[in-house]
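Atom set for the values below is all heavy atoms of this structure, side chains included, hydrogens, waters and symmetry mates excluded. This is a predicted model, so every value here is computed, not measured.
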Amino acid sequence: MEPGRREHAGEPEDLGRMFLERASAGDVDGVVALYEPTAVLASPAGQVSTGVAAIRNVYEELLADKPQFSGDVRPALHHGDLALTSTRFQGGATSEIARRQDDGTWLWIVDQPNVVG
């Protein structure tokens, strides 16, 4: 891959793998690049962040202390150009909706980062 170019999700499951890698590296830009421009992200406090600027704010705060992330990316459930993705981690799981883009890659449109816990 050329320097400065990011890997794109060829399959919906790639999003979970890329999130784990990028978040663990503290790569806020890389994490935000996994979302459509008008995506929504739920927060533990019950708030919803809409759009990549608001999502960026959430991840800038979350990743500031360089936490490490690990999990088991589960197979996606597909329905046409939509897919339900999920990653299991100790104490919970994520649930996201991804949409196939015009170029065949995938981006998240809805993200509920902790559905159990």
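- Considering all non-hydrogen atoms of both residues, Ile55 and Ala39 come closest at CD1-O, 3.7 Å.
- Residue Tyr35 holds its OH atom at 9.0 Å from CG of Leu15, rounded to the nearest 0.5 Å.
- Using modelled atom types, no side-chain atom of Arg56 and backbone atom of Val28 make a donor-acceptor pair closer than 3.5 Å.
- Relative orientation of the His78 and Trp106 rings is perpendicular, given thresholds of 30° and 60° on the angle between their planes.
- Cluster annotation: Val48 is connected to Val110 through the hydrophobic network of ILVMFWY side chains, with a link wherever side-chain heavy atoms come within less than 4.5 Å.
- Of all heavy-atom pairs between Gly91 and Asn114, the closest is O-OD1, 4.4 Å.
- The heavy-atom pair separating Arg22 from Gly30 by the smallest distance is NH1-O, 2.7 Å.
- The environment of Glu60 atom CD is dense: over 12 non-hydrogen atoms of other residues, nucleotides or ligands sit within 6.0 angstrom.
- Considering all non-hydrogen atoms of both residues, Val58 and Ser49 come closest at CG2-OG, 3.3 Å.
- By the rule that hydrophobic residues join a cluster once side-chain heavy atoms approach within less than 4.5 Å of another member, Leu63 and Val52 end up as members of one cluster.
- When the side chains of ILVMFWY residues are joined at heavy-atom separations under 4.5 Å, either directly or via intervening members, Leu41 and Leu62 end up in a single hydrophobic cluster.
- Looking only at distances, a side-chain donor or acceptor of Gln68 sits under 3.5 Å from a matching main-chain atom of Ser24.
- Within 6.0 Å of the CG atom in Asp103, the count of heavy atoms belonging to other residues, nucleotides or ligands exceeds 12.
- Applying the side chain to side chain contact (heavy atoms under 4.5 Å, CB included) test to Ile109 and every residue at least two apart in sequence or in another chain returns Glu36, Leu82, Ile97, Arg99.
- Rounded to the nearest 0.5 angstrom, Arg17 CZ and Glu7 CD are separated by 4.0 Å.
- Aromatic ring orientation, Phe19 versus Phe69: perpendicular (interplanar angle above 60°, classes split at 30° and 60°).
- Rounding to the nearest 0.5 angstrom, the gap separating the CG atom in Leu20 from the CE atom in Met18 is 11.0 Å.
- Ala98 and Trp108 get closest at one heavy-atom pair: CB-CD1, 3.8 Å.
- Considering OG of Ser43 and CG of Asn57, their distance stands at 12.0 Å, rounded to 0.5 Å.
- For the 3.5 Å distance criterion, the side chains of Thr94 and Glu96 qualify, holding a donor opposite an acceptor.
- For Thr50 (side chain) and Val40 (main-chain N/O), no donor-acceptor pair under 3.5 Å exists by modelled atom type.
- Here the straight-line distance linking atom CG of Leu34 with atom NE2 of His8 works out to 10.5 Å at 0.5 Å rounding.
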